[in-house]
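Being a predicted model, the structure only gives us computed values, none of them experimental. Numbered from 1 within each chain, the chains take letters A, B, ... in sequence-line order.
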Amino acid sequence: MKPKAVKADIASKLVDKFNEFEKELNGHSKSPMHTVRKNALEELKSNGLPGPKDEEYKYTNLVKSIEKHIDLDNVSNDSSLSDSEVESFLFDNEDANIIVFINGLYAARHSKIISPVSDLVVLDFEEAFMQHPEEVIAHFGNYAAKYKDPYASVNTAFSKNGAFIKVSPGKVIEKPIMIHFISDTRQGIPVYYPRNLFIIGERSEVNIVESFHTFGDQPSLVNQVTEIVVSKEAKGSYYKLQLESDNAQRVDNTQIHQRKDSVFNTYTLTFGGAMVRNNLNIALEDPHCETHMYGLYLIKGNAHVDNHTVVDHIMPESFSNEIYKGILDDKATGVFNGKIFVRQDAQKTNAFQSNKNILLTDDAKMNSKPQLEIWADDVKCSHGCTTGQLDDEQMFYLRSRGISAESARAILLHAFAADVLETVKFEFIREHLDRIIHERLH
Amino acid sequence: MLTIKNLHAQIEDNQILRGINLEVKPGEVHAIMGPNGSGKSTLASVLAGREDYEVTDGEVIFEGKDLLDLAPEERAREGVFLAFQYPVEIPGVSSTNFLKTAVNQIREHKGLDPLDAVSFLKLIKEKMKLVEIDQSLLSRSLNEGFSGGEKKRNEIFQMAVLDPKLAILDETDSGLDIDALRIVANGVNQLKRADNAVIVVTHYQRLLDYIIPDFVHVLYQGRIVKSGDKSLALELEDKGYDWIKDEVGSLV
Amino acid sequence: MSKDNRVLEEITTSEYKYGFTSDIEADSAPKGLNEDIVRFISAKKNEPEWMLEWRLKAYHHWLTMKEPTWPNVKYPKIDFQDIIYYSAPKKKKKLNSLDEVDPELRETFEKLGISLDEQKRLTGVAVDAVLDSVSVATTFKKKLHELGIIFCSFSEAVHEHPELIKKYIGSVVPITDNYYAALNSAVFSDGSFCYIPKGVRCPMELSTYFRINAANTGQFERTLIVAEEGSYVSYLEGCTAPMRDENQLHAAVVEIMAEKNSEVKYSTVQNWYPGDKNGKGGIYNFVTKRGICKGDGSKISWTQVETGSAITWKYPSVILKGDNSIGEFYSVAVTNNHQQADTGTKMIHLGKNTKSRIVSKGVSAGFSQNSYRGLVKVHKRAENSRNFSQCDSLLMGDKCGAHTFPYIEIENSTARVEHEATTSKIGEDQIFYCNQRGIATEDAVALIVNGYCKEVLNQLPMEFAVEAQKLLALTLEGSVG
């Protein structure tokens, strides 16, 4: 179904912005990359942005939220972040490759790559296009376009900066790659479009952690697209730590393509943001792929977090496992839509999905739509979904041993989140998450 | 009753049976023993007609009929019964309903009228005593949530009800405690007649203390490498399988 | 594999056994729909002015609506002007007793296994038979009358009990509800009305048997059930149609009103003609069914066995308004060949301590597509609501599809909502196990499918359950692959 254009003004404003953007490109507007941008703009022009009548945005009126909080004519990506302010966002781990983006721009002075160049190439997306034009253009926009999220088209139209990561075949990158995206809202309202492309070579292994932060109290709008190619027999994991302020608007599209015998884990962990929409699409294009999708959203205030996931089993004998857990406090709203597609050729697929939620107040809301679409008969697929509150018996048991109601609640909620947390491989990330959750629950 | 000649079978591309020869006459009990992976369960499966296995050579004649030509249910109707090593669970299907269907289809095959509910229940009750099976198991879904012992007893109970000519017990002793083992063996012994036969497939000698075999065969690398009487089972118990391996090894 | 194919070939030829037509003279409206047709239908039925006005209001609203396209089904666009909206078996005069029913028509119902002869019925089932658009006979009227139960055709109720019809028609499914409900409201021709007075437990099953007979005819019946405080009724609905090459439209509306502490059990065995094995012909079954648990402690339970129709599209729903009310939905939907089904339920929790339970079992075979679509909504004030949903799909063959679209919307923290779904195929090991015990493959499949559907079939009254089991086996014959 075609999305309905509800607010022509945002879409048309974006078209105006595109013309300005094009002028700034100084001679690069003839490049093949720009052709992809222009095609994406045409898609935006003809489809518009999805309104609440669009099935995919039924519970998340992003257009309205953007309209209310973001004045596209009054955008400023200026930043005055000091070194120590930037460092305050970094994790306690020296032993990692670090990349920093401030309001969408690569901050070379804060970034350091410690893995050898023969194993790992890390570049700003714009730079990557100059250095490896053929490789970038071979992937750029190829994947995101397949799933037709209108916001992905907007990102493509405005794409310029972001992280380009290439892992050489057969190389194991032991140090994680930490990518920090910081929005500095003190100088104005930042709006930017990070574009990431990760190419994980055959038989290689890598772990990439993105974290998102806000500085200052003004709103921001970040529309991000990440394309990940997981080659044959490659292994990896990809974390998103969404820690933005409660004025941050975010729409995030991630497209992952897995090839034969690859294993990939994704973590979507949301602790902040005003309105966050995550589209995670995983295509298992070859036999014997394995993918694990973990999600945790622990939100409060008026936060609205929407996770849409698709795992597409295209060929036989792949395995997918999805666990998303939510704890919703105050007036927070959660949305989960998990689609599992099993195509006709994907015999002997095993696909599992679970979405569990706890509502802490009567003002919190949860809309869940697990969805199975299956065209192959020799498959095992299941999904489970629960929404409720903490178990009274367990609460009572803990309290009868002398634990306060508040601690008991925290213990049980922590235990609830444990299914996801326990699978986090890096101890420093797990500790960081534990700290955030601890603060949030006490 | 049963003649197996030069039977070869494989699964995917793995040759498992490499020329089995065996003759079973009415009234006999044969034990087939052997180390893990020797092909014991494969033989049982092939005789019952599991489609995962491909017979590449040889023949199996049962009561004058080419067994390999028959569909699994036809073999069952002719009187071949396999007590499964791992009986499958079938949710929502009651054991009673399942058995009644089986009994009546076998009767139909023999040209007999179907049993009515009363005579069927009578038959069931009579056979239940044999394996000391609890009536409540029958109203439950087939094998669903049954303990290991209950599953095995249910298999023997079904054997009693279906009254086969040839029963193949595939590792029926595995996972059973001594009491359950005794009950199962007792059931089998009571069903023993001059006109039927039993093949006991087992890794251990333990079950053969209760079901006394007339012949013991040792299966190794897909062939029967040694046959004897029940003393062979005791010898195996005593010495393990290694000496057989050595003996065979020296032959090759 | 080759054996399975053989089995498949052998039995896909099984015929739809209800596919006869009856040669009964019919009194029909001309094809097409306009205001005059609505007036024609109303006039044919000698309806009072208020009924006509209600119809016209629905018709005018329908004109403003768009045909919905969101279900997961595909079919050529329906030409609403190519349908006959009214067809009634011609009758010479009002029938005074069942003996006066046209013998041809009686025979039709005999063939369907529905005897209209009260004395012949051993089981206590009162039957209202609807052929094409008109109710032709209602049995056991007298006995029910003694208890104050009204069970009659809808047309009769419009004349005999106008105050009840006026009060309740459209109160659960308003004329504006959806496209097909609006259409039905404009052109409905007959159906059943059932009223159970306060404190009365209806001593027998009430049953309506629907049959489409005439060609090019749409059937638009309406059922209204009102259960007063503390009453109970179990209601059965059966459907068949002749085999025809063209698709026929069936757009019914069922409304149930359950007052305090009452209970309504509504069971359907739907076996409309599904089309031939190439997907030609068959009924489009687009139905709106909804009940309100209006009073505290009331209960509405839907059970459906859907084996027929080329396309089935329906969501029997319960609005749980009264505190402590209960809604249930038990469904078996079996599709084979080119059938499509998009069915499920909506459970809307408004009252406190409300409970709902959904058990849906889909079986797809052949080239069919089978979707479960459901909504569980817990409103803010619905403290301590509970829902449990189990939606399982079974696939037979690799040309069919199974789809699950559950919507779960929770606005209250004390709610407990659980949803589980699985998709699998009949295990080869299960079939082999049955084979080994002497059961032929097709019987094994029937056995396993019946076991898989048991939780739903158990909800049906005895005689329906037996029929439903046979239907399942019949629908799936030849689908082993």
Side-chain angles (χ1 to χ4, degrees), chain B residues 44-45 47-54 69-110 140-144 151 154-155 157-159 161-164 167-168 170, chain C residues 1-8 10 330 332 334 359-363 390 392-394 420 422-460 465-466 468-470 472-473 480-481:
Chain B
S45 293
L47 291 179
R50 199 187 274 278
E51 277 172 346
D52 302 344
Y53 296 92
E54 192 191 339
D69 239 356
L70 302 179
E73 68 269 33
E74 291 170 328
R75 301 183 195 199
R77 291 170 194 174
E78 290 294 331
V80 176
F81 180 92
L82 172 66
F84 286 73
Q85 185 178 3
Y86 304 111
V88 68
E89 302 190 354
I90 307 186
V93 174
S94 86
S95 301
T96 315
N97 190 13
F98 164 77
L99 258 183
K100 192 171 177 204
T101 312
V103 165
N104 282 335
Q105 293 204 354
I106 291 172
R107 287 180 68 87
E108 194 187 348
H109 178 74
K110 291 178 178 163
R140 280 160 62 186
S141 286
L142 189 54
N143 292 328
E144 199 188 25
K151 280 184 184 166
N154 194 32
E155 290 294 287
F157 165 65
Q158 291 183 19
M159 170 181 159
V161 173
L162 301 182
D163 190 26
I168 305 159
D170 187 8
Chain C
M1 202 60 211
S2 63
K3 190 193 76 188
D4 288 344
N5 281 341
R6 212 164 55 228
V7 172
L8 191 134
E10 270 167 28
Y330 295 94
V332 168
V334 184
V359 178
S360 164
K361 304 277 182 178
V363 182
Q390 174 78 45
D392 296 330
S393 310
L394 200 62
E420 283 174 23
T422 61
T423 301
S424 53
K425 70 172 205 167
I426 293 183
E428 273 160 25
D429 50 349
Q430 293 179 338
I431 292 178
F432 179 70
Y433 192 90
C434 293
N435 286 162
Q436 210 297 312
R437 296 301 185 252
I439 301 170
T441 300
E442 59 268 38
D443 296 321
V445 169
L447 201 66
I448 293 163
V449 169
N450 270 312
Y452 164 82
C453 299
K454 198 171 192 172
E455 202 180 344
V456 174
L457 298 178
N458 280 346
Q459 299 298 321
L460 289 171
V466 174
Q469 281 199 13
K470 284 188 199 142
L472 290 187
V480 189

- request: For residues C:N435 and B:A76, report the shortest heavy-atom separation together with the two atoms involved.
  value: O-CB, 3.9 Å
- request: Identify the heavy atoms of C:Y433 and B:N143 that sit nearest to each other, and give their distance.
  value: OH-ND2, 3.5 Å
query: Given C:E428 and B:R50, is the salt bridge (charged side-chain N to carboxylate O under 4.0 Å, His left out) satisfied, shown in steps?
result: CA-CA 10 Å; C:E428 273 160 25; B:R50 199 187 274 278; over 6 Å; no
task: Identify the two heavy atoms, one from C:C434 and one from B:F98, that lie closest to each other, and give their separation to 0.1 Å.
output: SG-CE1, 4.1 Å
task: Identify the heavy atoms of C:D443 and B:Q105 that sit nearest to each other, and give their distance.
output: OD2-NE2, 2.8 Å
query: Can you name the salt bridge (Lys or Arg N to Asp or Glu O under 4.0 Å) partners of B:E54, sequence neighbours left out?
result: none
field: Closest non-hydrogen atom pair between C:G438 and B:I106, with its separation
entry: CA-CG1, 4.4 Å
task: Go through the atoms of B:L82 and report whether side chain, backbone, both or neither lie under 4.5 Å from a heavy atom of chain C.
output: both
message: My understanding is that only residues two or more places apart in sequence, or in another chain, count here; which of them pass salt bridge (Lys or Arg N to Asp or Glu O under 4.0 Å) with B:K100?
response: none
query: Non-hydrogen atoms of chain C under 4.5 Å away: do they reach the side chain of B:Q158, the backbone, both or neither?
result: side chain
message: Could you check whether any side-chain N or O of C:Q436 sits under 3.5 Å from a backbone N or O of B:V80, counting only pairs where one atom can act as donor and the other as acceptor?
response: yes
Side chain / backbone / both / neither for B:P164 at chain C, heavy atoms under 4.5 Å: neither
message: On a heavy-atom basis, which atom in C:A440 and which in B:R77 lie closest, and how many Å separate them?
response: N-NH2, 3.3 Å
